[in-house]
*Asks:* 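Following this message is one structure expressed as structure tokens.
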Amino acid sequence: MSTKEKISEELLLEEEIVNQNEIVLFNDEVNTFDHVIDTLIDVCDHIPEQAEQCALIVHHNGKCTVKTGDYKDLEPRCSKLLQAGLSAEIV
């Protein structure tokens, strides 16, 4: 691999990492598993199994990253999670 290719590859990796944000969902004592799962399917485009796994991780660990991507895509999704009564933030 030439030096030019290596530098080019490193720059692409840095750019990819910098542009990624995450929606983190937090545990609460209010919402049911079904509500969390249904909301993740609707808002984050999860398949049922993925939504169920995220709900279990949130329940056991207190939080879980439920969506990764550009801030512009995540902001309206996070707002919908909050409107549905879930506790979430973009990091």
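For this chain, numbers begin at 1 and follow the sequence in order.
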*Asks:* If every non-hydrogen atom of Cys64 is compared with every non-hydrogen atom of Ile57, which pair is closest and at what distance?
*Replies:* CB-CG2, 3.6 Å
*Asks:* Determine yes or no for a side-chain-to-main-chain donor-acceptor pair under 3.5 angstrom, with Asp70 supplying the side chain and Lys72 the backbone.
*Replies:* no
*Asks:* May I ask you to check whether Ser79 and Glu75 show a side-chain donor-acceptor distance below 3.5 Å?
*Replies:* yes
*Asks:* With a 4.0 Å cut-off, would you call Lys80 and Asp42 a salt bridge?
*Replies:* no
*Asks:* List the atom of Val91, the atom of Val24, and the distance in Å for their closest heavy-atom pair.
*Replies:* CG2-CG2, 3.6 Å
*Asks:* To the nearest 0.5 Å, tell me how far Lys63 NZ sits from Cys54 SG.
*Replies:* 14.0 Å
*Asks:* To the closest 0.5 Å, what do you measure between NE2 (His46) and OG1 (Thr39)?
*Replies:* 11.5 Å
*Asks:* Any side-chain donor paired with an acceptor under 3.5 Å for Gln20 and Thr68?
*Replies:* no
*Asks:* Can you tell me how far the CG atom of Asn21 sits from the NZ atom of Lys67, to the nearest 0.5 Å?
*Replies:* 13.5 Å
*Asks:* Rounded to the nearest 0.5 Å, what separation is found between the CG atom of Leu81 and the CD atom of Glu89?
*Replies:* 12.0 Å
*Asks:* Using modelled atom types and a 3.5 Å cut-off, is there a donor and acceptor pairing between side-chain atoms of Asn27 and backbone atoms of His60?
*Replies:* no
*Asks:* Please give me the minimum heavy-atom distance between Glu22 and Thr65, naming the atom from each residue.
*Replies:* OE1-OG1, 3.2 Å
*Asks:* Testing the basics here: between Val66 and Leu25, what is the closest heavy-atom pair and its distance to 0.1 Å?
*Replies:* CG1-CB, 3.8 Å
*Asks:* Distance check, rounded to the nearest 0.5 Å: Leu86 atom CG versus Leu40 atom CG?
*Replies:* 7.0 Å
*Asks:* Between Val58 and Phe26, which heavy-atom pair has the shortest distance, and what is it?
*Replies:* CG1-C, 3.6 Å
*Asks:* What distance separates Ile47 CD1 from Glu49 CD, expressed to the nearest 0.5 Å?
*Replies:* 4.5 Å
*Asks:* Are Phe33 and Val43 joined in one hydrophobic group, where the rule is that I, L, V, M, F, W and Y side chains link up if heavy atoms are under 4.5 Å apart?
*Replies:* no
*Asks:* Ignoring hydrogens, what is the shortest heavy-atom contact between Ile37 and Pro48? Give both atom names and the distance.
*Replies:* CG2-O, 4.5 Å
*Asks:* Does a side-chain heavy-atom distance below 4.5 Å link Ile23 with Arg77?
*Replies:* yes
